[in-house]
There are 2 protein chains.
Amino acid sequence: MTSDTSVPESGPPANGLPRRAGIADVAARAGVSVGTASKALNGRGNLREETRARVRAAAEELEFAPSTVARSLLTGRTFTVGIITTDSYGRFSIPIMRGAEDALGLGEMLAFLCDSRDDPIREQHHIKRLLERRVDGIIVAGRRTDARQPVGRNLPVPVVYALAPSADESDISVTSDEPGAARLAIDHLVRTGRRRIAHITGPHSHASSRVRADSTVEALRAHGLELVGDPWFGSWSEAWGRFAVAQLLRSDPDVDGIFCGADVIARGATDALRESGASLPMQVGVVGVDNWVISAEAARPPLTTVDLGLQELGRRAGELLIAAIDGSPAPGLHTVPGHLVVRES
Amino acid sequence: MTSDTSVPESGPPANGLPRRAGIADVAARAGVSVGTASKALNGRGNLREETRARVRAAAEELEFAPSTVARSLLTGRTFTVGIITTDSYGRFSIPIMRGAEDALGLGEMLAFLCDSRDDPIREQHHIKRLLERRVDGIIVAGRRTDARQPVGRNLPVPVVYALAPSADESDISVTSDEPGAARLAIDHLVRTGRRRIAHITGPHSHASSRVRADSTVEALRAHGLELVGDPWFGSWSEAWGRFAVAQLLRSDPDVDGIFCGADVIARGATDALRESGASLPMQVGVVGVDNWVISAEAARPPLTTVDLGLQELGRRAGELLIAAIDGSPAPGLHTVPGHLVVRES
DNA sequence: GTGAATCGGACAAACGGTTTCCTAAGTTTT
DNA sequence: AAAACTTAGGAAACCGTTTGTCCGATTCAC
């Protein structure tokens with residue numbers, strides 16, 4: 001074997017950055033052809049073990065890292081997906097992204113992050129740029145459970161919708177089990193002896209508010225109970241929680257359980273209850289939704305709440321996308337179950 | 001011109017996904033060679049305007065989207081960067097990512113998102129995968145302002161450290177202006193007539209706690225004032241804020257201003273003050289740090305707080321990275337200033 | 001010792017664009 | 001009308017890797 005220099009010699013260093021070794025450098029150093037080097041490193045072809053070892057050693061010494069872009073060009077796969085979030089990395093997209101990254105990481109895929117800021121134009125722009133980059137698939141993560149318009153027809157790659165399902169039922173969507181969340185909350189309240197239960201939640205314009213409210217009534221009925229008063233639709237804020245509780249205590253002072261549509265509302269509710277002199281959780285039980293640790297653990301008392309399983313939802317979205325990429329799409333609306341996190345409220 | 005079929009005809013559709021048109025299809029449809037089609041679309045070469053138009057029309061009809069992976073192979077640039085966050089998309093990395101995406105988007109770059117979960121092994125793994133994908137650069141976003149070990153020596157691409165600066169001063173780092181943040185808070189308290197000011201902050205083990213505490217003392221001195229008592233080091237939590245205020249009111253009942261090292265602490269502090277019967281902001285002024293809207297706006301009263309400019313920091317990191325990629329690295333520690341957000345506390 | 005089977009590795013095509021070089025017209029000059 | 005320029009567009013090289021084909025050299029059977 002002709003002894004080569006240990007560093008790739010020619011080519012412009014230009015900037016201060018070190019030059020990258022290519023497979024040609026490795027092959028030269030190991031004294032074989034490029035094709036042989038490739039086979040040696042990928043376990044293909046018929047090669048003597050000694051040759052393989054020699055090539056591996058050369059690759060090691062040169063810190064050879066094969067360019068996936070060259071490989072992609074050949075195979076048509078980039079092992080790359082795009083995640084488009086409409087939520088500016090807010091409360092919902094964060095756990096979804098985490099879960100998705102988990103699932104994708106197992107498939108050795110990396111995710112491009114795109115924040116559409118809920119602007120359809122930005123969204124289209126991102127889709128275009130993702131397709132130019134030949135991503136293998138796209139996840140569209142929403143911020144509400146209301147159905148949304150599909151991101152495009154006849155895209156050349158599979159798309160999975162997370163949280164906000166696509167209006168087109170032949171698309172692949174994953175969302176949270178809203179009725180189940182309401183049941184978990186009500187079952188817990190009833191199990192802990194509450195009988196006069198009220199419901200304070202977000203805007204009536206949000207699908208999840210309406211669905212949860214309906215499911216709450218249903219879940220109570222299954223226990224032979226009626227909701228105390230009507231559901232209190234308002235906003236996703238502590239102030240609304242406080243205000244609604246103040247009103248509630250006037251109209252129904254004997255309430256002993258409150259199911260809140262969000263942790264922030266529940267936190268406002270507990271504050272108002274406490275300040276009205278009620279002792280928690282003895283007198284009134286409160287259950288929230290989100291298990292948003294920041295709110296739930298800082299509340300007094302710490303909130304019992306329904307975790308919607310958003311991270312699991314993200315993971316599921318990643319898995320469904322990978323399946324679709326591999327040729328087994330599972331169209332339709334999938335749901336992931338939530339679970340109750342019992343704290344002290 | 002020989003009239004072609006409007007869709008690329010040959011090749012395996014295989015899956016249900018539509019086939020993608022390549023530049024060869026465009027060229028065929030426009031009745032020119034591949035090279036000419038490329039020139040027409042990129043505004044190169046000497047072509048009749050009529051030819052360009054014909055090619056553009058063909059590209060349009062075929063929804064041609066040039067593969068950046070092919071282009072990258074040739075140019076060596078992928079217009080792609082990696083963002084490694086140690087923070088599981090927490091409070092700090094979110095605004096940083098937003099800012100970085102802003103800056104990178106202007107350069108038509110897309111970002112791979114990698115969550116290292118503060119695990120050096122995961123981090124190295126991500127670095128390796130990013131380099132295989134030939135990213136043009138890497139942003140490493142930390143979660144504290146303590147300096148950290150560099151992510152590797154002699155990497156073939158530029159790296160910018162955000163929030164947590166690299167211990168190697170020849171690396172490129174951006175962090176927040178901690179002393180400036182303390183000054184903003186103290187100046188505001190003094191300007192609104194406070195004279196007996198205390199400081200409640202996070203763990204002594206965090207650089208930002210120590211730096212802010214020292215700078216607080218200094219800023220007070222500049223006004224001819226002394227800190228009331230010692231800085232209260234504790235944890236970044238509401239419970240600590242409440243506890244510290246309870247103690248503080250016993251040791252120094254005449255305190256009229258509190259600078260808290262975080263909004264969560266400040267929120268705990270305002271709760272404890274309010275519950276002790278103090279009227280806010282008349283009797284005691286409170287200033288936090290973070291401008292974390294969720295905490296700051298839900299507090300009673302809404303918190304006046306120092307915004308560390310994390311989104312701006314992310315943007316700056318993106319800009320510095322782009323500059324380094326373009327051959328003009330700016331090594332050293334850069335800082336971005338914060339600003340005061342005045343609410344009612 | 002000869003032919004067949006096996007083995008190890010070189011060679012070249014391919015992926016999808018961009019770019020450089022070159023040629024065949026058309027246009028101007030003398 | 002021939003020489004000198006322009007102009008428009010084609011042919012081919014190139015980027016870095018994988019992979020199928022093919023060929024020379026051993027080894028084996030007879």
Side-chain angles (χ1 to χ4, degrees), chain A residues 1-2 8 10-12 19-56 58-59 62-79 131-134 136 156, chain B residues 1 8 10-12 19-56 58-59 62-79 131-136 156:
Chain A
M1 137 189 181
T2 58
S10 67
R19 200 177 101 78
R20 251 191 273 242
I23 199 171
D25 303 308
V26 174
R29 183 159 231 268
V32 297
S33 75
V34 183
T36 304
S38 170
K39 286 172 192 155
L41 294 173
N42 297 307
R44 300 284 164 77
N46 263 5
L47 303 186
R48 261 180 299 168
E49 182 50 37
E50 185 256 322
T51 309
R52 278 190 209 286
R54 196 148 36 89
V55 173
R56 270 197 297 268
L62 261 30
E63 296 181 7
F64 170 66
S67 159
T68 57
V69 6
R71 181 182 290 144
S72 298
L73 187 53
L74 200 48
T75 63
R77 287 275 316 258
T78 55
F79 288 91
L131 291 179
E132 284 174 353
R133 283 181 156 78
R134 295 298 187 264
D136 293 334
Chain B
M1 139 186 179
S10 68
R19 199 176 103 76
R20 247 191 277 244
I23 197 172
D25 302 308
V26 175
R29 182 159 232 267
V32 297
S33 75
V34 189
T36 304
S38 170
K39 288 172 202 160
L41 294 173
N42 297 306
R44 302 284 162 78
N46 261 6
L47 304 185
R48 260 179 300 169
E49 183 49 37
E50 184 257 324
T51 310
R52 278 190 208 286
R54 194 150 35 91
V55 173
R56 270 197 297 265
L62 262 30
E63 294 181 10
F64 171 66
S67 159
T68 57
V69 7
R71 183 182 289 143
S72 298
L73 189 53
L74 197 50
T75 63
R77 287 275 317 259
T78 55
F79 288 89
L131 292 179
E132 283 174 353
R133 283 180 157 78
R134 296 295 187 266
V135 293
D136 293 333

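Just so we're on the same page: letters track the sequence lines, and every chain starts at 1.
Side-chain atoms of B:Thr78 do not come within 3.5 Å of backbone N or O of B:Ser72 as any donor-acceptor pair. A:Arg52 places a side-chain N or O within 3.5 Å of a backbone atom of A:Lys39 that can act as its donor or acceptor partner. Checked by atom type and distance alone, the side chain of B:Arg133 pairs as donor or acceptor with a backbone atom of A:Phe79 at under 3.5 Å.
Taking side-chain N and O atoms only, A:Arg44 has no distance below 4.0 Å to OP1 or OP2 of D:dT17. Between A:Asn46 and C:dT6 there is no side-chain polar atom (N or O) within less than 4.0 angstrom of OP1 or OP2. Residue B:Arg71 has a polar side-chain atom (N or O) positioned under 4.0 Å from OP1 or OP2 of C:dT18. At D:dA11, none of the side-chain N or O atoms of B:Ser33 fall inside 4.0 Å of OP1 or OP2 (strictly under the cut-off).
Rounded to whole angstrom, the span from the CG atom of A:Leu41 across to the P atom of D:dT19 amounts to 12 Å. Taking atom CD of residue A:Glu50 and atom C1' of nucleotide C:dC7, one finds them 15 Å apart after rounding to whole Å. Atom pair A:Arg19:CZ and D:dC15:C1' shows a separation of 13 Å (rounding to whole Å applied). Here the C1' atom of nucleotide C:dG8 and the CZ atom of A:Arg52 are 11 Å apart, to the nearest Å. Here the P atom of nucleotide D:dT19 and the CG atom of A:Asn42 are 7 Å apart, to the nearest Å. Across the protein-nucleic acid pair, B:Leu131 atom CG and D:dG16 atom C1' stand 16 Å apart, rounded to whole Å. At whole-Å resolution of the value, CD in B:Glu49 and C1' in D:dA8 are 13 Å apart. A straight line from CD of B:Glu132 to C1' of D:dT17 spans 13 Å, rounded to a whole angstrom.
Considering only side-chain atoms of A:Leu47, the nucleotide from C:dG9, D:dG10, D:dT18 that sits closest is C:dG9. For A:Arg48, the listed nucleotide lying nearest its side chain is C:dG8; candidates were D:dC15, C:dG8, D:dT17. Comparing D:dT18, C:dG17, C:dA10 against the side chain of A:Ser38 picks out D:dT18 as the nearest. For B:Leu74, taking side-chain heavy atoms from C-beta onward, the closest of the listed nucleotides D:dC15, D:dT17, D:dT18 is D:dC15. For B:Leu73, the listed nucleotide lying nearest its side chain is D:dC15; candidates were C:dG17, D:dC15, D:dT17.
Contact annotation for A:Ser67: backbone-only contact, meaning every heavy-atom pair under 4.0 Å involves sugar-phosphate atoms and none involves a base. B:Thr51 comes within 4.0 angstrom of the backbone, heavy atoms only, and of no base. Across all strands, B:Arg77 comes closer than 4.0 Å to no nucleic acid atom at all (heavy-atom distances).
Within 6.0 Å of the CZ atom in A:Arg44, the count of heavy atoms belonging to other residues, nucleotides or ligands does not exceed 12.
Residues B:Arg19 and B:Asp25 have side chains in contact (heavy-atom distance under 4.5 Å, counting atoms from C-beta outward).
For the pairing with B:Ile23, the side chain to side chain contact (heavy atoms under 4.5 Å, CB included) check across B:Ser38, B:Pro66, B:Ser67 returns one residue only, B:Ser38.
Evaluation of atom-type donor-acceptor distances gives a pair under 3.5 Å for the side chain of B:Lys39 against the base of C:dT20.
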